Amino acid sequence: MPTNRKRAARGEALDDIVDRLLSFYSDCDEDRPDSVLGCYPNSQKIIDALKTLIDLLFPGKLSHKPVHRRGLPTYLRNRTARAIALLQPEIERALPFRWKGEAARHEGGHAPCSVKTEARTIAARFAERLPDVRSLLIEDVRAAYEGDPAALTYAEVQLAYPGVLAITSHRIAHELYKLDVPIVPRVMSEWTHAKTGVDIHPGAQIGHGFFIDHATGVVIGETTVIGNNVKIYQGVTLGARSFPLDENGFPIKHIKRHPTVEDGVVIYANATILGGHTVIGRGSTIGGNVFLTESVPPNTVVSANHPELRIKSHYDAETADWVI
Amino acid sequence: MPTNRKRAARGEALDDIVDRLLSFYSDCDEDRPDSVLGCYPNSQKIIDALKTLIDLLFPGKLSHKPVHRRGLPTYLRNRTARAIALLQPEIERALPFRWKGEAARHEGGHAPCSVKTEARTIAARFAERLPDVRSLLIEDVRAAYEGDPAALTYAEVQLAYPGVLAITSHRIAHELYKLDVPIVPRVMSEWTHAKTGVDIHPGAQIGHGFFIDHATGVVIGETTVIGNNVKIYQGVTLGARSFPLDENGFPIKHIKRHPTVEDGVVIYANATILGGHTVIGRGSTIGGNVFLTESVPPNTVVSANHPELRIKSHYDAETADWVI
Amino acid sequence: MPTNRKRAARGEALDDIVDRLLSFYSDCDEDRPDSVLGCYPNSQKIIDALKTLIDLLFPGKLSHKPVHRRGLPTYLRNRTARAIALLQPEIERALPFRWKGEAARHEGGHAPCSVKTEARTIAARFAERLPDVRSLLIEDVRAAYEGDPAALTYAEVQLAYPGVLAITSHRIAHELYKLDVPIVPRVMSEWTHAKTGVDIHPGAQIGHGFFIDHATGVVIGETTVIGNNVKIYQGVTLGARSFPLDENGFPIKHIKRHPTVEDGVVIYANATILGGHTVIGRGSTIGGNVFLTESVPPNTVVSANHPELRIKSHYDAETADWVI
């Protein structure tokens with residue numbers, strides 16, 4: 001029967017593809033570019049934990065059911081317990097992947113698997129930080145309300161401001177970063193990046209009353225230090241300029257390569273500020289589309305050069321361009 | 001037994017965290033930065049309503065099941081009824097949060113809860129606008145097809161163009177904004193922002209045949225006015241320059257602070273145009289990466305200054321930079 | 001009874017809205033701006049297929065369950081079979097919408113519906129390409145690790161780097177593009193665009209060892225050609241300058257209108273590079289926020305002009321601006 005023969009041929013083709021595929025995967029007992037992800041922390045569970053934490057810090061934000069003050073003690077207790085239950089196993093899976101230097105990497109040595117106790121301690125310490133995180137977030141909500149003429153209620157700031165979601169997620173991830181948890185905070189920051197367009201590395205240090213308006217396209221690098229009451233707009237990059245390589249041609253990790261932004265600075269849309277030695281002095285204003293790789297003193301206004309204006313005469317269909 | 005003791009200790013630690021957390025939440029009978037979200041409209045339900053409306057205006061776009069013309073009357077009837085059933089309670093929850101001026105805010109006075117009738121009237125009026133919205137969207141689809149050489153079918157424009165999704169969602173949200181519904185349209189615009197990277201405030205007035213290509217990073221502020229047949233590219237900001245503060249240092253709400261863009265203007269990638277007095281005259285072309293805070297006459301070409309070109313001689317590993 | 005009367009009135013209002021809506025939809029036997037989507041490929045199923053393929057190429061990335069090397073043969077077989085089962089019917093639905101030139105479009109002629117065999121052949125050929133795609137992606141993961149000082153493990157690169165997700169999805173979509181499948185690869189690229197902020201047209205040709213850092217706002221047009229070991233940052237556009245129109249005023253499709261980027265080039269954040277004749281010579285570095293519409297020779301450094309710096313004296317509340 002031709003149908004059976006056809007089906008068999010298709011089965012063989014599939015076998016052949018799988019055989020060829022198999023040569024391109026190695027197991028995850030070593031951290032390699034071709035490892036399968038089985039030993040790594042699970043992204044989906046980390047994201048579940050992050051959503052639980054966001055819904056704990058802004059009760060009802062991600063739920064279909066409204067949360068009122070009177071049911072709050074039970075609500076907070078359940079969410080906190082659930083967040084920890086989700087996080088702890090992923091922290092445990094992450095700990096063997098702590099950075100031990102480029103040399104250690106290539107020796108392939110991972111920490112032994114008895115990291116259960118450390119994961120439990122870290123999860124407990126992290127939970128203790130939640131009230132302080134909540135306290136900081138209230139100031140961030142206030143900064144958004146006060147910093148945006150379009151904000152008419154705290155309700156819309158809490159429900160709809162992507163900058164508030166981004167800083168919420170960052171303050172959570174940063175606590176895990178400070179507890180020296182690898183991978184897990186980075187997966188959190190990337191979920192938030194996908195949602196809001198804001199890519200804040202979990203290592204970035206950010207003061208209180210921080211507001212990112214419109215949010216999309218903002219990048220804040222690992223070693224950035226931001227003071228209090230700073231406001232930045234969409235498309236702003238606080239990034240690395242270039243970075244030194246080691247003798248093997250690999251970038252050297254963990255050196256200060258992102259800017260310092262002092263208290264009260266405002267940075268307008270699509271400005272790019274680069275370099276670990278770049279300090280934006282307190283009270284300064286950086287204009288839109290500025291490209292800056294050096295420090296500016298306090299209270300400086302930096303603005304892009306004026307663009308050229310020309311009047312069109314007519315469109316030339318042949319060159320597909322305007323004649324001026 | 002140590003296990004019981006450990007478990008008890010963990011329970012106490014959890015109690016302690018919840019106690020400390022509790023001091024940072026207030027109830028939502030007042031609109032405050034630390035309110036729980038129980039009295040606010042529910043974001044998830046508003047998003048369900050928005051998705052239903054998108055699937056009504058582009059039948060089958062968000063469904064796994066294909067929609068054909070013959071089943072359309074029943075399909076449209078069910079979707080319209082469902083959208084209204086989802087929206088009306090959220091409009092009702094939103095109405096007490098209408099803007100009554102900064103002073104009224106601080107008196108804390110909300111409208112009484114008998115807003116049921118008004119919510120029903122608003123929902124009915126909104127539904128009546130849907131055919132006109134559909135009619136406008138057909139012109140937007142046509143503008144995308146005609147404005148992009150990469151578009152080969154209306155099919156891909158309808159299925160895959162983020163700019164079409166963004167303007168669809170905006171035309172829905174803008175109808176609710178015109179009916180003076182607070183919060184709800186803003187939650188809709190933010191869902192779309194997360195999906196497309198386009199942040200159009202529900203208040204923005206946009207003419208027919210509007211096309212945003214590539215979409216990510218576009219910001220269009222509340223008081224922006226855009227004419228007919230305008231095309232803008234990714235990363236374009238139509239934003240506020242700076243804004244006056246009232247005697248308490250709060251930004252004054254509801255004044256024209258975003259640009260006016262006249263008919264037939266094209267704005268290329270990553271241009272930033274700011275200010276309520278800035279008018280881009282009809283037929284003008286604004287080049288990529290331009291930063292503009294003043295008006296330009298009709299038929300003007302505005303372009304960024306030429307960048308500096310230098311030839312690399314060699315890389316200096318010590319300074320981690322190129323020597324020129 | 002007033003309730004019945006009210007209900008009837010509401011039913012009539014709904015009927016009226018549906019009647020008015022109906023005049024704005026045509027059936028999908030022709031590809032028009034007002035067609036319902038019933039004959040088009042189904043976006044949701046294409047996205048399901050894409051997710052299956054991503055989870056096949058990075059086993060466990062999108063699953064809650066970890067995948068280890070030992071279970072891999074079965075895992076890969078099931079995923080491959082499922083991906084093909086999802087894709088083949090959507091390819092079949094897409095084939096009648098192949099581009100046949102603007103003239104043919106307006107004659108409305110679609111290919112006959114017996115495209116089943118061709119769809120099956122295409123799906124089989126596509127599946128055969130998967131091992132090569134996997135092989136290329138391993139090099140992309142390595143490029144990300146080596147190109148970013150913040151990357152400490154291959155684990156985080158695989159789990160959390162949006163640039164890796166973007167190039168994974170692109171390499172899948174590009175195989176379908178090369179097999180001349182319309183619409184389907186474009187729906188895939190748009191899902192990835194929504195997730196990562198990176199909009200790579202399925203037609204773009206990209207060499208090995210490609211890395212997009214931070215990712216948001218990157219646009220790479222259909223006829224772009226990128227060499228090996230290229231690194232680009234967030235907000236970079238490789239786009240069209242302007243494009244010639246045919247005698248009916250429609251953009252002419254399928255001509256080279258996007259840049260060529262040679263081996264080893266680095267392009268920093270928010271640079272905009274436009275035009276089909278623009279070639280960025282090998283080893284060149286393009287600085288942040290540069291706007292470039294002409295070719296540069298190999299080993300060139302292109303950088304934006306220095307911005308203006310001015311010191312603030314005081315804020316003028318009346319003009320709402322800083323006095324310099």
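We name chains A, B, ... by the order of the sequence lines, and we start the count at 1 in each one. The structure displayed is predicted, hence computed values, not measured ones. Keep in mind that the numbers below use all heavy atoms, side chains included, and drop hydrogens, waters and symmetry copies.
Each of A:Ala160, A:Ala215, A:Ala269 has some count of heavy-atom pairs under 4.5 Å with chain B, and the biggest count is that of A:Ala160. The most heavy-atom pairs under 4.5 Å with chain A, out of B:Glu294, B:His193, B:His201, come from B:His193. Ranked by heavy-atom pairs under 4.5 Å with chain B, the list A:Thr80, A:Leu72, A:Val133 is led by A:Leu72. Contacts with chain B were tallied for A:Pro66, A:Gly288, A:Ala304; A:Gly288 has the most, counting heavy-atom pairs under 4.5 Å. Heavy-atom pairs under 4.5 Å with chain A peak, among B:Ser35, B:Gly217, B:Gly221, at B:Ser35. Chosen from B:Pro182, B:Ala13, B:Gly239, B:Cys39, the residue pairing most often with chain A at heavy-atom distances under 4.5 Å is B:Cys39. The choice from B:Val219, B:Asp48, B:Asp19 that makes the most heavy-atom pairs within less than 4.5 Å of chain A is B:Val219. When each of A:Arg79, A:His68, A:Arg134 is checked for heavy-atom pairs under 4.5 Å with chain B, A:Arg134 comes out on top. The residue among A:Pro73, A:Ala144, A:Gly60 with the most heavy atom pairs within less than 4.5 Å of chain B is A:Pro73. Contact tally against chain B (heavy-atom pairs below 4.5 Å) for A:Asn270, A:Asp213, A:Ile138: the top residue is A:Ile138. Ranking B:Val184, B:Thr216, B:Leu22 against chain A, the residue ahead of the rest is B:Leu22, based on heavy-atom pairs under 4.5 Å.
Considering only heavy atoms from C-beta on, B:Glu30 stays 4.5 Å or farther from A:Tyr154 through its side chain. A 4.5 Å side-chain heavy-atom check between A:Tyr268 and B:Thr272 finds every atom pair outside the cut-off. By the 4.5 Å heavy-atom criterion applied to side chains, B:Asp15 and A:Arg77 are counted as neighbours. Counting only heavy atoms from C-beta outward, the side chains of A:Tyr75 and B:Val36 never approach each other to under 4.5 Å. Taking 4.5 Å as the limit, some side-chain heavy atom of B:Glu190 sits within range of a side-chain heavy atom of A:Pro162.
Proximity to chain B (any heavy atom under 4.5 Å) is restricted, for A:Gln234, to the side chain, taken from C-beta onward. Within the 4.5 angstrom heavy-atom criterion, only side-chain atoms of B:Asn42, from C-beta onward, approach chain A. Only the side chain of B:Leu292 comes within less than 4.5 Å of a heavy atom of chain A; its backbone N, CA, C and O stay farther away. The part of B:Ser26 that comes within reach of chain A is its backbone (N, CA, C, O), which places non-hydrogen atoms under 4.5 angstrom from that chain. For chain B, the nearby parts of A:Leu62 are the backbone and the side chain; heavy atoms of each come within less than 4.5 Å. A:Leu137 does not touch chain B: none of its heavy atoms, backbone or side chain, sits under 4.5 Å away. There is no contact between A:Val157 and chain B, counting heavy-atom distances below 4.5 Å. In this structure, no portion of A:Ser303 lies under 4.5 Å from any heavy atom of chain B. At a 4.5 Å heavy-atom cutoff, the contact between B:Asn289 and chain A is made by backbone and side-chain atoms alike.
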side-chain contact (heavy atoms from CB on, under 4.5 Å) for A:Tyr145 and B:Arg32? Distances and angles first, verdict last. CA-CA 10 Å; A:Tyr145 178 81; B:Arg32 294 168 38 136; over 6 Å; no
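Within 6.0 Å of NZ on B:Lys195 lie no more than 12 heavy atoms contributed by other residues, nucleotides or ligands. The number of heavy-atom neighbours closer than 6.0 Å to CZ of A:Arg69, taken from other residues, nucleotides and ligands shown, is above 12.
Distance check: B:Ile17 CD1 to A:Ile84 CD1 gives 7.0 Å after rounding to the nearest 0.5 Å. Within the model, atoms OG1 of A:Thr153 and OH of B:Tyr40 stand 7.0 Å from one another, a figure rounded to the nearest 0.5 Å.
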